[in-house]
Amino acid sequence: MSHETLTQDHQRQPVTILGLGPMGQALAGALLQAGHSTTVWNRTPEKAEALVARGARRAQTPAEAVTASPLTIACVIDYDAVHTIVRPAAEELRGHTLVNLTADTPARARDTAAWAIGHGIDYLDGAIMTPTTTIGTDDALVLYSGPEAVFERHRSTLQNLGGRARFLGADPGRAAAHDVALLDLFWTSMSGLVHAFALARSEGIAAAELRPYVQGVVGLLPDIATEFADRIDKSRHVGDQSTILSAVAGIEHIIHAAEQRGLDTGVLYSARAIAQRAIDARHGEDGFSRLTETLSAPATAAS
Ligand SMILES: NC(=O)c1ccc[n+]([C@@H]2O[C@H](COP(=O)([O-])OP(=O)(O)OC[C@H]3O[C@@H](n4cnc5c(N)ncnc54)[C@H](OP(=O)(O)O)[C@@H]3O)[C@@H](O)[C@H]2O)c1
């Protein structure tokens, strides 16, 4: 058998998908599109119908589903659901690979990896960083961590879920750690975005009027992220362009303006409190990147 034929066969290894929410359906659809024999199972079986019409095989139980393929991908709402589904199928999973693309905390990823190892199951934990519409396209980004040999064994199949399958290392919590850090950025930014629009609206400014300037501010972030990453890794937080003292003065203006319009200021108070901790620890003349270290220190200690 030629190398090419071997590769093609491997790319088309049977795969099982547990969980058919929007993301599970997208994953199963991409595998079908790529020519994999795909077995699916979902708590609510009706959600499999469109996939069955496209050639997927519907299993009656998780145990039947995982028996059908050397590789099973779980993608459900949280790890409690994952455990509810896979624990009764542990014996059938023994000697197979379980890739868990459900989002949760790094600690839960590590615990699930330990459970899997204890049952003779090869386990990779993963995090999907892009929306359902990207799955199966070059725009998808899925992060993986766990045993590298397991990732390499299934790399070509996993690549069919989307253009960018990134392996991050042996610690099974590493993909989830990237996920929560990036979602931290996303949701605090989203919170700032809606607050900015609400503050503008309270001053009679339509969202469409503010939008171009919002995009200007958002456009500053890539360069700031690059600069901060360098400063944080070197622990060099020079306040050459702007200081924490100056930032706090700016945050206070926003708090006053928001309070005058009766808007919630909880997030702004939290932002100011963290900066104040750095000022109290005599870092007021440093740059804002210093707050990474302030946040990492216990709240009661001078940081
Ligand atoms: N949607 C996205 O764009 C996106 C992007 C990146 C990452 N993700 C991640 O992908 C994962 C799945 O997301 P999703 O969008 O497909 O929808 P979801 O609402 O997070 O999950 C729905 C799935 O979970 C199952 N489920 C919920 N509770 C269960 C339980 N107690 N026992 C068994 N199954 C249970 C549902 O089954 P039923 O159908 O029976 O209710 C369904 O299969 C999540 O971790 C999410 O964070 C999603």
Side-chain angles (χ1 to χ4, degrees), residues 15-32 38-54 56-66 69 71-90 92-93 98-113 115-116 123-146 158-166 168 172-190:
V15 184
T16 289
I17 300 285
L18 300 174
L20 297 176
M23 188 50 87
Q25 293 192 38
L27 298 172
L31 292 167
L32 286 169
T38 306
T39 299
V40 296
W41 178 87
N42 193 56
R43 181 182 62 173
T44 309
E46 296 74 36
K47 289 189 187 170
E49 275 162 17
L51 292 161
V52 169
R54 292 177 59 190
R57 185 174 154 261
R58 174 167 39 194
Q60 300 302 315
T61 64
E64 182 193 328
V66 305
S69 313
L71 171 64
T72 288
I73 297 173
C75 188
V76 288
I77 195 161
D78 57 27
Y79 279 40
D80 286 339
V82 171
H83 283 276
T84 301
I85 295 165
V86 301
R87 281 177 186 261
E92 289 79 4
L93 274 169
L98 175 62
V99 176
N100 185 8
L101 297 184
T102 304
D104 213 315
T105 65
R108 297 209 74 187
R110 292 178 189 118
D111 288 348
T112 305
W115 172 84
Y123 182 83
L124 286 176
D125 205 274
I128 303 171
M129 306 311 305
T130 51
T132 54
T133 47
T134 65
I135 301 303
T137 77
D138 288 347
D139 293 333
L141 173 61
V142 187
L143 308 177
Y144 297 92
S145 53
L158 297 174
Q159 246 149 9
N160 286 332
L161 300 178
R164 290 172 290 161
R166 293 277 160 80
L168 300 177
R174 205 164 170 81
H178 281 68
D179 190 37
V180 291
L182 294 168
L183 289 174
D184 181 352
L185 169 63
F186 184 72
W187 287 116
T188 51
S189 302
M190 291 284 275

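In each ligand, atom 1 is the first atom listed, and ligand 1 is the first ligand listed. Remember, it's a predicted structure, so these values are computed and weren't measured experimentally. These values consider heavy atoms only, across backbone and side chains, with no hydrogens, waters or symmetry-generated copies.
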(message) Around atom CZ of Arg174, are there more than 12 heavy atoms from other residues, nucleotides or ligands closer than 6.0 Å?
(response) no

(request) Could you tell me whether the side chain of Thr130 and the main chain of Leu141 form a donor-acceptor pair under 3.5 Å? (result) yes

(message) Between Glu49 and Arg58, does the side-chain contact (heavy atoms from CB on, under 4.5 Å) criterion hold? Intermediate values first, please.
(response) CA-CA 8 Å; Glu49 275 162 17; Arg58 174 167 39 194; 4.0 Å; yes

(request) Measure the CG-CG distance between Leu31 and Leu161 for me, rounded to the nearest 0.5 Å. (result) 5.0 Å

(message) List the protein residues in contact with ligand 1, where contact means a heavy-atom separation under 4.0 angstrom.
(response) Gly19, Leu20, Gly21, Pro22, Met23, Gly24, Asn42, Arg43, Thr44, Lys47, Cys75, Val76, Ile77, Ala81, Ile85, Thr102, Ala103, Ile128, Thr130, Pro131, Thr132

(message) Could you check whether any side-chain N or O of Ser69 sits under 3.5 Å from a backbone N or O of Thr72, counting only pairs where one atom can act as donor and the other as acceptor?
(response) no

(message) On a heavy-atom basis, which atom in Leu20 and which in Ala28 lie closest, and how many Å separate them?
(response) CD2-CB, 4.5 Å

